[in-house]
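All ligand and atom numbering here is 1-based and tracks the order in the structure. In this text the structure is predicted, and so the values were computed from the model without any measurement.
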Amino acid sequence: MKLFQHEVQHRDERRINLLLKQATLPKISDKAFDWKDVQLAPGITREYILEGEFIKNQENLIFYGGVGTGKTFLSTLISLNVIKKQRKQAKFYTVASLVNALLEANEKGTLGKFLRQIEKIDLLILDELGYIPLHKQGAELLFQVISMCYETKSIIVTTNLQFGQWNNVFGDPILTEATIDRLIHHSHLIIFNGESHRYKDSISFNQ
Ligand SMILES: Nc1ncnc2c1ncn2[C@@H]1O[C@H](COP(=O)(O)OP(=O)(O)O)[C@@H](O)[C@H]1O
Ligand SMILES: [Mg+2]
């Protein structure tokens, strides 16, 4: 019986380690997340966000705010909870890295396989939408992924752009509108109002 329990525990640890490895999360600081300047949409709680409760309802989160306000930090903390507490699969991409991977898979004729991998993910992080405009094919492939996840998966998008500016990224008003439609249906907008912590941290670092 003891042996059996050990085996179960061992398997569970292996599963978590595998999920952590697959998630390719960025390294984050071990300091506590400061919610002071984070403005939640009405009707949701910090817990609901942080513990990844929203993935049970296939809801999306839009993190909007300036650089250094904690968007990547919070998405990583959520991913860690989704993996460790729910044993679910999270995957972190910057928008640029996902689009590059999609274009590459498309060129190599492995797009179908790549998309099937994405279909297994419970929480997809699309970090930094808006820093780089996308080429037509990249934008279309990104739209394909977002459509595929619609109402079946959760996505967190982090961005420094208001919706009205997303056209600059997608380069086509119809595609932009279709993308925003799918993302914001069943979603919560979280606004990061603070000053850049990077700046604050680098000042205290120098003192
Ligand atoms: N709300 C916050 N609470 C605590 N630390 C923060 C917060 N926001 C940012 N930081 C610190 O600043 C660093 C950069 O934040 P990051 O999440 O990369 O910002 P963003 O993705 O919004 O540009 C983090 O790694 C963390 O050390
Ligand atoms: Mg970031």
CD/E151: more than 12 non-hydrogen atoms of other groups inside 6.0 Å:
yes

For ligand 1, does E128 get within less than 4.0 Å through its side chain, its backbone, both, or neither, judged by non-hydrogen atoms?
neither

Would F33 count as a contact of ligand 1 if the rule is a heavy atom under 4.0 Å away?
yes

For E47, is the CD atom crowded, meaning more than 12 foreign heavy atoms sit under 6.0 Å from it?
no

Between F92 and L124, does the side-chain contact (heavy atoms from CB on, under 4.5 Å) criterion hold? Intermediate values first, please.
CA-CA 6 Å; F92 185 99; L124 180 66; over 6 Å; no

Using 2.8 Å as the threshold, say whether any N, O or S atom from T72 sits that close to the Mg ion (ligand 2).
yes

Start with the C-alpha distance between N167 and T176, add both sets of side-chain angles, then the distance that settles side chain to side chain donor-acceptor pair (under 3.5 Å), and finish with yes or no.
CA-CA 6 Å; N167 197 20; T176 308; 3.2 Å; yes

Short N/O distance, under 3.5 Å, between V67 and ligand 1?
no

Using 30° and 60° as the class limits, which term best fits the ring planes of F192 and F63: parallel, tilted or perpendicular?
tilted

Got an N/O contact under 3.5 Å between G68 and ligand 1?
yes

Classify the contact between A32 and ligand 1 as side chain, backbone, both or neither, using a heavy-atom distance cut-off of under 4.0 Å.
backbone

So is G66 touching ligand 1 or not, going by heavy atoms under 4.0 Å?
yes

Between Y93 and K91, is there a cation-pi geometry (under 6.0 Å to ring centre, at most 45° from the normal)?
yes

Which of the listed options, G70, S29, P26, holds the heavy atom that is closest to atom 16 (P) of ligand 1?
G70

So the atoms of ligand 1 within less than 4.0 Å of a heavy atom of T69 turn out to be 1 (N), 8 (N), 9 (C), 19 (O), 20 (P), 22 (O)

Between E53 and K56, does any NZ, NE, NH1 or NH2 come within less than 4.0 Å of an OD or OE carboxylate oxygen?
yes

